[in-house]
Structure formats: structure tokens, C-alpha cells
Amino acid sequence: MANLDAGNGDWLRWSDDAPLTSETGDDRDRATLKVVNECSKPLHVQWVTAGGKLRNRRRVAPGKGRYAILDNSVKNEHTEGTLVGDAFVIYAGLDDTPPETLEALDTAEIVGFLACTGKDPARPRVVTVADAGFFSGLVGAKTLVASHTVGAAPTEEDTKPLHPYVYKRETACGIIIDVDDRCYERGERVRAFVADCEAAAKRLPKNAVAAIRDAGCRIVVHEETGKWTHMCYHPRQGQSWLRDQGFDENLAGCVQLYRLDDYAGDRGLWGQGGSIVHELSHAYHDCYLRDGHGNKFIGRRYDRAVHAERLYDAVRVKGPQSKPRDAAERRLLFLRQTACGCMGRVDGVARRHYAATNAAEFFAELSTAYLCRDDEDYNKWEPHNQRQLWQFDPETCKLLERVWDDGEALDDDCADEPPPPPPRSLCCRVLRWGAVPSVGAESARRLIV
Ligand SMILES: [Zn+2]
């Protein structure tokens with residue numbers, strides 16, 4: 001308990017380094033664990049089974065330092081719906097090799113083991129990990145420290161079912177769109193959305209639209225849903241999360257637009273229907289590819305392109321995310337804009353691509369670019385279209401060609417991916433993408449395009 005705030009021990013079992021393992025039994029209460037990463041390196045949260053195996057690793061991005069992503073595309077926290085008595089370990093290190101046993105944690109920097117206790121299980125346990133600062137220089141001292149608080153229990157308001165929606169049914173290329181009838185008070189937004197869905201569906205190959213439709217994927221549109229904003233795809237296995245949030249669990253496997261005004265407000269950042277292509281790509285990934293979002297071909301390419309080749313550390317993005325956030329960025333942008341012009345268009349600050357978030361977003365983002373076969377700046381993030389993607393990341397393009405155009409489900413008997421290409425030579429183009437190996441992640445992200 002040395003690293004925890006005094007007085008909260010009853011809410012959480014905690015051990016600095018002696019392993020805790022999970023309890024068993026199906027009749028345990030539900031609990032919520034939230035890990036906030038305020039330190040300067042990535043953390044991992046992993047479930048420790050009753051048998052001492054490590055499963056279900058989750059990465060928690062750092063909240064500061066050179067690896068932090070500050071464009072709001074990645075959260076520095078992870079919330080885990082769990083059961084009282086389930087044990088977890090929080091550690092730094094082993095970024096490329098997820099450990100499967102407690103012994104494999106030997107070379108990791110362990111922050112601690114923890115398990116929620118039975119005390120007031122409805123209140124979320126919040127563990128915040130920070131750099132130890134000055135004291136970390138002492139021999140044997142930990143460089144990461146954890147503190148613990150307990151959040152408020154959900155109120156009746158939080159848990160009661162949301163508005164009993166009444167839907168009107170629309171379709172776009174055979175895909176069902178269920179629209180909350182309140183949206184029709186300003187019906188022009190619905191008509192624009194349905195037209196965008198049609199434009200999006202036309203970007204997809206016909207067999208992909210059929211696969212999405214046959215899997216039962218609908219698009220569900222709401223006027224508002226309380227605290228929820230923007231649009232997402234709910235994975236087919238997501239029923240329990242939906243239930244916990246007060247949503248209909250039949251939304252699993254569907255696209256949900258939480259608030260129509262959000263869509264109307266930022267649809268111009270993509271070509272027509274671009275953000276819907278993104279969500280339909282999630283559906284195709286989940287429903288059609290072998291092992292869904294766990295498909296190893298997509299996962300492997302994501303790891304190489306994002307973590308090994310660092311292709312997506314700093315790219316151009318349309319909209320407010322490209323605006324300079326401080327005086328240093330404003331100065332750098334001004335210098336770039338007045339320089340010789342060899343860097344191409346200079347219209348904002350380069351940011352870490354949303355595709356770098358995880359394998360699912362990688363597939364959805366780059367599919368949105370891939371499925372634009374003309375020269376339009378279609379996706380919000382660069383590469384914006386297929387031609388640019390072929391130039392910038394041909395290996396991913398080849399994989400997407402197999403997925404979308406060859407209609408392969410990427411089964412095990414498909415040919416494996418080729419080895420990664422050799423590093424590219426130094427030139428303006430490479431600099432612009434921040435892909436030079438000697439450039440640190442933070443400085444690469446600050447390059448201006
Ligand atoms: Zn997404």
C-alpha cells in the first residue's frame with residue numbers, strides 16, 4: 001500500500017510487487033476500474049487470472065512527455081468494467097511483447113497489482129499513476145507512483161434508460177438507417193445525412209455493402225443521447241457495455257450517431273460521407289474479416305506501420321486539430337509558411353494520425369482513404385485518398401486491396417505479409433511525414449505541413 005493515498009485501502013486490495021490473482025465465481029458484483037496515466041511513458045493494464053496467467057492487455061497512453069498525444073485523439077486513461085476480486089497488474093515496458101505469465105513481468109517496471117474489494121462496488125476506483133520525480137533517483141526507488149481515489153456512484157439519473165426512442169426507417173443502398181423521430185423537426189439534416197450515407201455506401205464495393213447489411217448492421221441516428229457525442233460503431237460483442245450505459249443492447253454491431261448536430265457541424269472536414277465510410281469500415285472489419293477486430297493481418301500491419309516504421313507520427317489534418325496550440329507552434333508554422341516552399345502546402349501543424357490509436361482505427365481510417373479512388377482530399381487525415389496512400393504506405397494499400405477488392409477474408413491460408421521495406425531516403429517528403437528514424441516522436445509531431 002506504500003504508494004496509495006492513506007485511508008482508501010478498503011476500496012482496493014493493492015500490492016506494490018507481490019502478485020495478486022483473481023478470485024473466481026459468477027455471483028460477484030460488477031465493479032469499475034479506471035486507470036489514469038499522468039506519467040511520461042505508456043502503461044499497460046492486464047488482467048491476472050486465477051491461475052496467474054496474464055490476459056487482455058490494455059495500453060494507456062501517457063498524459064505528458066515526449067510520447068504523449070495531445071490532440072485529443074487518444075485518451076490517457078482506460079476504464080475497465082470488471083468484477084469484485086478480479087486482479088490486474090499495471091506496469092510500464094514490454095511494449096512489443098505482451099507478457100502471458102507473471103514470470104514474464106521480470107523485466108517490466110511494475111507499478112502495482114490491484115483488485116476491487118466488495119466495499120460499495122458501484123463506485124468506480126480511480127488509480128492515477130505519475131512520475132515519482134525527485135525521489136526516483138534513490139537506489140531501488142520506484143520511478144512511478146500510484147494514488148487512488150473513489151468516484152461517485154452512478155445516480156438514478158445515470159442508470160435510467162435513455163429517452164424511449166421512436167424511429168422512422170430510411171435506407172441507403174440497402175443499409176437500414178433508423179432515425180430518432182425528433183430529428184425530423186429540422187428534417188433537412190436527416191436528408192443530408194441519408195444522402196451522405198448513400199455516397200458513403202457507393203464508395204464501398206457492392207459485396208462489402210452486402211456483407212455489412214447481411215450481418216445486420218444498421219445505422220441508428222439520434223437527436224441527442226445525453227452525455228454522448230459524435231458517432232461510433234458498437235462491436236458485435238459490446239452488449240454488456242451498451243446495457244451498462246442504458247442503451248439497447250441490439251445496437252451491438254451497429255453504427256450509432258449520438259447527436260445529429262455533431263455530424264452536421266463537422267461533415268465538411270471529409271469528402272461526402274467520409275466519416276460514415278470510417279464507421280462502415282469498422283463494421284466490415286468486425287463482421288467479415290476472420291477474428292473480426294482481432295484479425296492478425298490488420299493487427300500486424302498496424303504494429304509495423306505505426307510502431308516500427310512510425311509512418312503516422314505527424315501528418316496533415318483538416319480542421320481545428322491543425323491549428324497551433326501555443327506560441328512555439330505558431331512561430332514554427334510561420335517559419336514554414338515563409339520558407340522556400342519545398343515542403344508542399346503549409347496549412348497547419350502536423351499531428352499524430354488517428355489511425356495510430358489502435359488496429360481498428362488504423363483499418364477504418366486508412367480504408368476511408370483507400371476507398372476514395374479519385375483525387376479528392378477525401379479523408380480528414382492525410383493520406384486523403386488511395387493515390388496518396390499508394391505513395392505513402394504501399395504495404396497497407398496492398399493489404400487493403402486484398403481486403404476490399406479481392407474480397408478475401410484474410411484467412412490463415414493467405415500468403416503472409418512481406419518483410420517491411422528498407423528505410424526510405426531522407427528528403428523533403430520523408431521529413432514532411434516525420435518518418436526519419438532519428439527524429440524523436442515529440443519533435444516529429446511538431447513538424448509543420
Ligand atoms: Zn473509429
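Both backbone and side-chain heavy atoms feed into the values below; hydrogens, waters and symmetry mates do not. In this text, all values refer to a predicted model and were calculated from it rather than measured experimentally. Counting begins at 1 with the first residue of the sequence. Indexing begins at 1, ligand by ligand and atom by atom, following the structure's order.
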Task: Over-ring placement of Arg203 relative to Tyr370, 6.0 Å and 45° cut-offs - done: no

Open item on the list: Checking His278 now: which residues fulfil ring-ring contact (aromatic ring centres under 6.0 Å, His included) with it, not counting sequence neighbours?
Closed with: His282

- [ ] Quick one: list whatever passes ring-ring contact (aromatic ring centres under 6.0 Å, His included) with His222, sequence neighbours left out.
- [x] Tyr165, Tyr167

Open item on the list: Here's a test for you: under side chain to side chain contact (heavy atoms under 4.5 Å, CB included), which of Arg352, Arg351, His384, Glu382 qualifies with Val317?
Closed with: Arg351

Open item on the list: Under 2.8 Å from the Zn ion (ligand 1), is there any N, O or S atom belonging to Cys232?
Closed with: no

Open item on the list: Closer than 2.8 Å to the Zn ion (ligand 1): does that hold for any N, O or S atom in Glu361?
Closed with: yes

Task: For the Zn ion (ligand 1): the N/O/S atom of His282 at shortest distance - done: NE2

